[in-house]
Amino acid sequence: MLVLASCGPRARVPARLGPADGPEPPVLYLGARLLHPGVRAVTLRPGERMSVLRLPVEAGRIVPPAAVRRRPDDVFTLVVAGDTRIELGGGTLMRARRTHRTTAYVAPQRPGTYRMRLHRSDGPPADFTILVLTPFEQKRHGILGGYRIGD
């Protein structure tokens, strides 16, 4: 009888083992605002920058979440676990520079769809799609890329 009592609702394992209170990686920020975890596609104009920030993960959460800071020339910041390997496909995003925690990518001048696959050692890969838009300035007489969009 004593054994059953100790396994009751009072004997719970803590939901998180460490002090981390950040979101689960990977996450996407627009400026300093965290986007919905289901967002897996972003739009960039040709030449715009997006950074991938690698942070430590403790108990499945990013540590520390306050480390995400928007750089003035970045549109989006993608935060991943420190051990994440990035694979690019479906075209080429240009890698601008890399430090020990940050990799900056620049959208190519050619509009199109680009894929970024994130491989983590402890989970399935996550896919992000980067859509490089056609500049609005290419619109002629209300038509852009063969589609009538009006004025």
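- For L35, the side chain to side chain contact (heavy atoms under 4.5 Å, CB included) partners two or more places apart in sequence, or in a different chain, are L28, L30, R33, V39, F76.
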Sequence neighbours left out, cut at 3.5 Å: what donor-acceptor pairs do the side chains of residues 126-135 make with other protein atoms?
{"from": "D127", "atom 1": "OD1", "to": "R117", "atom 2": "NE", "distance (Å)": "2.6"}
{"from": "D127", "atom 1": "OD1", "to": "R117", "atom 2": "NH2", "distance (Å)": "3.3"}
{"from": "D127", "atom 1": "OD2", "to": "R117", "atom 2": "NH2", "distance (Å)": "2.8"}

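- For the side-chain contact (heavy atoms from CB on, under 4.5 Å) criterion with M50, the lone passing option out of T103, V106, L44, V75 is L44.
- Contact annotation: the side chain of L53 never approaches that of L78 to less than 4.5 Å [non-hydrogen atoms, C-beta and beyond].
- Minimum interatomic distance between L88 and Y105 (heavy atoms only, all atoms of both residues): CD1-CE2, 3.8 Å.
- Taking the side chain as every heavy atom from C-beta outward, H119 and T84 never approach each other to under 4.5 Å.
- Shown are V79, D83, V80; of these, the side-chain contact (heavy atoms from CB on, under 4.5 Å) with R54 is made only by V80.
- With sequence neighbours excluded, no residue forms a side-chain hydrogen bond (donor to acceptor under 3.5 Å, both in side chains) with Q109.
- Rounding to the nearest 0.5 Å gives a distance of 6.0 Å between CZ of R101 and CG of L55.
- Remark: L118 CG to I86 CD1 distance equals 6.0 Å, nearest 0.5 Å.
- Taking every heavy atom of both residues into account, Q138 and L144 meet most closely at C-CD1, 3.7 Å.
- Residues Y29 and P23 have side chains in contact (heavy-atom distance under 4.5 Å, counting atoms from C-beta outward).
- Sorted by first then second residue, the salt bridge (charged side-chain N to carboxylate O under 4.0 Å, His left out) pairs that include residues 36-53, not counting sequence neighbours, are R45-E48, R49-D73, R49-D74.
- The side-chain hydrogen bond (donor to acceptor under 3.5 Å, both in side chains) search around R120 returns D122, not counting sequence neighbours.
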